[in-house]
Amino acid sequence: MSYLETAHNVYKEAALTPDVGLCCTTNPVWELPGLKIPKIMQEMNYGCGSTVHARDLTNNPKMLYVGVGGGMELLQFAYFNRQKEGVIGVDVVDEMLEASRKNFIEAEKLNPWFKKEFVTLKKGNALNLPVSDNSIDVAAQNCLFNIFKSEDLKKAIAEMYRVLKPHGRLVMSDPTCEQPMNDALRNDDRLRALCLSGSLPIAEYVKMLTDAGFGTIEIRARKPYRVLAPKHYATDELIYIESIEVAAIKDPMPEDGPCIFTGKAAIYFGDDPFVDDKKGHILLQNQPLAICDKTAAALASLNRDDIFISESTYHYDGGGCC
């Protein structure tokens with residue numbers, strides 16, 4: 001049995017018998033005016049964060065969500081869109097698609113604004129999406145890509161890049177791990193399906209995205225997720241896993257490399273009202289400016305004693321230098 005077949009079976013079972021503990025997100029369920037999420041959707045929230053951010057969802061974007069779970073994030077996306085076929089959900093597991101269809105019937109009962117035709121569910125594989133080129137404004141996946149091994153992960157990211165319009169964005173939440181994992185963990189197909197042993201270091205995860213052509217990367221959140229302890233797993237040491245929320249934007253790749261925002265800021269505290277680095281960045285006196293890692297390195301190279309550059313906070317919510 002291949003590792004993808006194992007994952008298929010895990011999520012088939014999770015569709016037939018909801019498993020609240022399958023994934024554990026610490027994010028609260030969105031509380032929005034007029035939005036009521038059925039209990040069954042909350043029980044089938046198989047993610048490790050959130051991909052629903054209001055600033056991504058202005059002007060009725062065409063949306064794609066891959067790996068539908070119980071349909072909760074599809075419903076949240078539809079809240080912002082409210083158009084027929086405005087949101088596409090793709091999943092390879094028939095039972096998960098059927099569970100979502102039933103859950104949308106419950107959602108219609110609770111939400112007068114919602115119609116199930118707002119969401120189109122399609123059977124399809126993340127490695128070969130049933131979606132046209134350059135047709136999607138916002139694509140999303142939650143705790144899916146970490147299941148894939150390296151070559152399949154490259155294919156899945158390339159597929160998302162293909163279907164996005166220019167300047168469209170891929171919004172994701174996935175587990176990451178900075179510690180090395182032994183082969184016993186890495187080769188455990190069930191642990192990979194459970195979003196544990198496929199976790200990559202953040203730098204490697206980001207490089208996968210920039211290698212696919214995404215010119216701007218935003219790391220929006222980084223938070224604790226799981227611990228693999230020796231008494232429960234095949235490891236001699238504690239392994240700490242975090243989850244991150246990331247947006248990869250299909251911007252043209254800058255000549256000097258991608259703009260990667262990891263939550264750094266620059267603060268100018270000199271005597272003049274502002275400083276201009278002559279590269280498109282103006283720092284007002286004592287006003288923090290969110291900067292990408294590339295700009296942080298360029299400002300540091302100026303060797304000024306009146307510019308403070310923070311460490312990465314791994315929290316970014318826009319308003320940056322690029």
Side-chain angles (χ1 to χ4, degrees), residues 2 4-5 7-16 18 22-23 37-38 40-41 44-47 50-52 56-57 60-108 111 114-148 152-165 168-174 193 195 212 248 250:
S2 74
L4 291 176
E5 289 174 317
H8 186 284
N9 291 338
V10 165
Y11 289 95
K12 174 181 176 180
E13 285 300 314
L16 296 173
L22 183 64
C23 289
I37 298 174
I40 185 63
M41 282 188 174
M44 296 177 70
N45 179 22
Y46 302 139
S50 178
T51 63
V52 183
D56 297 328
L57 304 175
N60 297 317
K62 182 77 171 181
M63 289 175 273
L64 168 68
Y65 190 78
V66 182
V68 299
M72 188 180 84
E73 286 187 287
L74 286 164
L75 176 63
Q76 292 171 324
F77 282 131
Y79 176 90
F80 290 92
N81 187 287
R82 306 194 187 195
Q83 296 185 60
K84 184 178 180 181
E85 300 178 350
V87 184
I88 300 170
V90 173
D91 206 298
V92 74
V93 180
D94 290 320
E95 291 80 6
M96 198 65 81
L97 290 167
E98 183 57 29
S100 289
R101 289 189 183 96
K102 292 178 180 178
N103 293 348
F104 286 133
I105 293 173
E106 293 302 310
E108 272 191 315
N111 296 278
F114 178 68
K115 297 178 176 59
K116 57 182 180 291
E117 57 261 34
F118 290 171
V119 180
T120 300
L121 293 175
K122 295 184 177 184
K123 182 171 182 179
N125 194 314
L127 308 180
N128 186 20
L129 292 170
V131 180
S132 301
D133 295 359
N134 304 309
S135 62
I136 300 296
D137 295 295
V138 179
Q141 65 84 20
N142 194 334
C143 216
L144 169 66
F145 279 9
N146 67 100
I147 290 174
F148 294 125
D152 287 335
L153 177 55
K154 291 177 184 178
K155 292 177 185 177
I157 294 172
E159 275 294 277
M160 289 292 213
Y161 188 88
R162 175 184 66 82
V163 303
L164 282 170
K165 297 176 183 178
R169 56 191 60 207
L170 168 57
V171 188
M172 301 168 289
S173 180
D174 276 310
C195 308
K250 193 177 177 178

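Because only heavy atoms are used, hydrogens play no part in the values below, and waters and symmetry mates are left out as well, while side chains stay in.
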Among residues at least two apart in sequence or on other chains, which ones pass side chain to side chain contact (heavy atoms under 4.5 Å, CB included) with [X]?
X      : answer
Asp94  : Lys123
Tyr161 : Phe214, Lys250
Lys102 : Glu98
Asp91  : Val68, Val93, Met96, Leu97

Handout entry: From Phe118 atom CZ to Arg82 atom CZ, the distance as rounded to the nearest 0.5 Å
Key = 7.5 Å

Practice task
Measure the spacing between CD of Gln76 and OG of Ser50 and express it to the nearest 0.5 Å.
Solution key: 6.0 Å

With side chains defined as the heavy atoms from C-beta onward, is the minimum distance between [X] and [Y] less than 4.5 Å?
X      : Y      : answer
Val163 : Ser132 : no
Val119 : Ile88  : no
Leu144 : Tyr46  : no
Arg162 : Leu129 : yes
Met160 : Val66  : yes

Practice task
With sequence neighbours excluded, tell me which residues meet salt bridge (Lys or Arg N to Asp or Glu O under 4.0 Å) with Lys116.
Solution key: Glu108

Practice task
Considering non-hydrogen atoms only, spot the tightest contact between Gly69 and Ser100 and give its length.
Solution key: O-OG, 2.9 Å

Problem - All ring pair (Phe, Tyr, Trp, His ring centres under 6.0 Å) counterparts of Tyr79, not counting sequence neighbours - result: Trp113

Handout entry: Phe145: partners by ring pair (Phe, Tyr, Trp, His ring centres under 6.0 Å), with sequence neighbours left out
Key = none

Exercise for the section: Using atom types as modelled and distance alone, determine if a side-chain donor or acceptor of Ser173 lies under 3.5 Å from a backbone N or O of Gln141. Expected result: no

Handout entry: Glu106 (side chain) donor-acceptor with Pro38 (main chain) under 3.5 angstrom
Key = no

Sequence-distant partners of [X], side chain to side chain donor-acceptor pair (under 3.5 Å), two or more places apart:
X      : result
Asp137 : Lys165
Asn60  : none
Glu73  : Thr51, Tyr65, Asn142

Problem - Proximity of Phe114 and Phe104 rings by center, below 6.0 Å - result: yes

Handout entry: Residue of the set Asp152, Asn125, Asn9 for which side chain to side chain contact (heavy atoms under 4.5 Å, CB included) holds with Leu4
Key = Asp152

